[in-house]
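Just so it is clear: chains get the letters A, B, ... in the order the sequence lines come, proteins before strands, and each one is counted from 1. When reading the values below, keep in mind they use all heavy atoms of this one structure, side chains included, and skip hydrogens, waters and symmetry mates.
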Amino acid sequence: MWDSVVNITSWAVMAAGAFFMLSGAVGVLRMPGFFNRVHPAGVIDSCGAPLILLGVALQYGFSLVTVKILLLIFFLLITNPTATHALCQAVVISQAHIHKGRKK
Amino acid sequence: MLAAVILVVVISMGMLLLRAVMGPSIFDKILAMNCLGNNVIVLIILLGSLAGTTNYVDIAIIYSLISFVTIIAFLMYFKYKSEE
């Protein structure tokens with residue numbers, strides 16, 4: 001019975017992660033303007049990928065692989081906001097968001 | 001069920017590739033490649049779980065470290081270069 005509960009929880013978490021991944025990808029494709037596209041990209045990086053990886057980690061129970069996947073999730077949650085902040089700061093400093101002429 | 005999640009991840013990678021090709025500025029392309037790298041990490045672990053082996057998690061950890069250093073190196077170059 002306990003195995004069945006963990007199994008169903010793992011599939012539910014993976015389905016939620018897949019939904020957020022799809023919504024983030026549609027957002028990056030369809031949003032107008034650069035700073036509007038950074039937000040769905042953050043949804044993919046910090047909400048979609050860790051949920052899918054958590055679902056895979058729950059499938060394996062208490063073993064070494066679960067600890068490694070949790071380490072990977074921890075690293076993803078720390079480095080992805082750092083990279084997003086560096087990207088937005090680079091756009092502001094290089095002034096690439098100022099339109100000269102017709103706006104696309 | 002794993003096949004459905006893998007299909008969703010592949011569709012998401014296709015959409016991000018479309019944004020990487022048609023983004024008007026270089027920073028749109030850098031953003032799309034960063035998210036593509038994260039999708040690759042998820043795909044490595046899912047395909048390893050489908051094949052029944054647990055050796056692919058080490059590869060995913062190393063790839064995420066290298067991808068983070070790469071994105072920071074690209075941004076350090078493009079930060080001080082003007083568009084003209």
Side-chain angles (χ1 to χ4, degrees), chain A residues 11 14-15 17-19 21-31 34 37-38 40-42 44-46 48-50 52-53 55-57 59-60 63-69 71-72 75-76 78-80 82-84 86-100 103-104, chain B residues 1-2 4-9 11-20 22-28 30-32 34-43 45-46 48-49 53-58 60-61 63-65 67-72 74-84:
Chain A
W11 292 133
M14 274 171 96
F19 168 72
M21 191 80 96
L22 200 60
S23 105
V26 168
V28 167
L29 190 60
R30 292 275 296 162
M31 285 275 197
F34 173 76
R37 282 183 209 127
V38 169
I44 295 183
D45 289 342
S46 303
I52 292 185
L53 293 179
V56 172
Q59 284 262 321
Y60 282 108
S63 75
L64 183 62
V65 182
T66 307
V67 175
K68 281 186 192 171
I69 292 184
L71 191 68
L72 180 63
F75 185 76
L76 277 182
I78 286 188
T79 64
N80 279 320
T82 305
T84 305
L87 178 67
C88 292
Q89 195 177 25
V91 170
V92 166
I93 284 183
S94 83
Q95 295 175 350
H97 61 291
I98 296 176
H99 295 282
K100 301 178 177 54
K103 183 174 153 124
K104 277 199 185 173
Chain B
M1 177 68 190
L2 257 182
V5 179
I6 288 177
L7 188 67
V8 166
V9 170
I11 288 177
S12 158
M13 282 169 83
M15 290 197 224
L16 286 171
L17 197 62
L18 210 59
R19 172 51 69 195
M22 77 182 202
S25 70
I26 181 71
F27 294 104
D28 290 301
I30 292 179
L31 179 74
N34 188 23
C35 291
L36 213 77
N38 282 322
N39 278 27
V40 162
I41 292 170
V42 171
L43 197 63
I45 292 189
L46 283 176
S49 175
T53 174
T54 67
N55 298 329
Y56 285 74
V57 182
D58 307 326
I61 290 179
Y63 188 78
S64 90
L65 289 166
S67 145
F68 174 64
V69 171
T70 300
I71 197 79
I72 295 293
F74 266 120
L75 289 175
M76 278 293 153
Y77 175 65
F78 282 109
K79 192 157 105 167
Y80 298 109
K81 176 185 181 305
S82 71
E83 279 289 315
E84 283 84 22

Please test A:K68 against B:D58 for salt bridge (Lys or Arg N to Asp or Glu O under 4.0 Å), starting from the C-alpha separation and ending with a verdict. CA-CA 8 Å; A:K68 281 186 192 171; B:D58 307 326; 2.9 Å; yes

Between A:L76, A:L72, A:L29, the one whose heavy-atom pairs under 4.5 Å with chain B are most numerous: A:L29

Is B:I61 in contact with chain A via its backbone, its side chain, both, or neither, using a 4.5 Å heavy-atom distance? both

Contact origin within A:I69 toward chain B - heavy atom pairs under 4.5 Å: both

What part of B:L31 gets closer than 4.5 Å to chain A, counting heavy atoms only: side chain, backbone, both or neither? both

With a sphere of 6.0 Å drawn around CE of B:M22, does it hold more than 12 non-hydrogen atoms of other residues, nucleotides or ligands? yes

Part of B:L46 lying under 4.5 Å from any heavy atom of chain A: side chain

In terms of heavy-atom pairs under 4.5 Å with chain B, the winner among A:V28, A:L22, A:L71 is A:V28

Greater than 12 external heavy atoms within 6.0 Å of B:F74's CZ: no

Taking side-chain hydrogen bond (donor to acceptor under 3.5 Å, both in side chains) as the definition, give me every residue that meets it alongside B:N39, ordered by chain and number, with sequence neighbours left out. B:S12

Against chain B, label A:F34 side chain, backbone, both or neither, depending on which of its atoms sit under 4.5 Å from a heavy atom there. both

Derivation of the side chain to side chain contact (heavy atoms under 4.5 Å, CB included) call for A:C88 and A:V91: CA-CA 5 Å; A:C88 292; A:V91 170; 5.7 Å; no

Per-residue contact mode, A:F19 against chain B (heavy atom under 4.5 angstrom): neither

Nearest atoms (heavy-atom pairs only) where A:S94 meets B:F78: CB-O, 3.9 Å

Heavy atoms only: give me the nearest A:A57-A:T66 pair and the separation to one decimal. O-OG1, 3.5 Å

What part of A:L87 gets within 4.5 angstrom of chain B, counting heavy atoms only: side chain, backbone, both, or neither? both

Residue part contacting chain B, namely of A:V92, when any heavy atom lies under 4.5 Å: neither

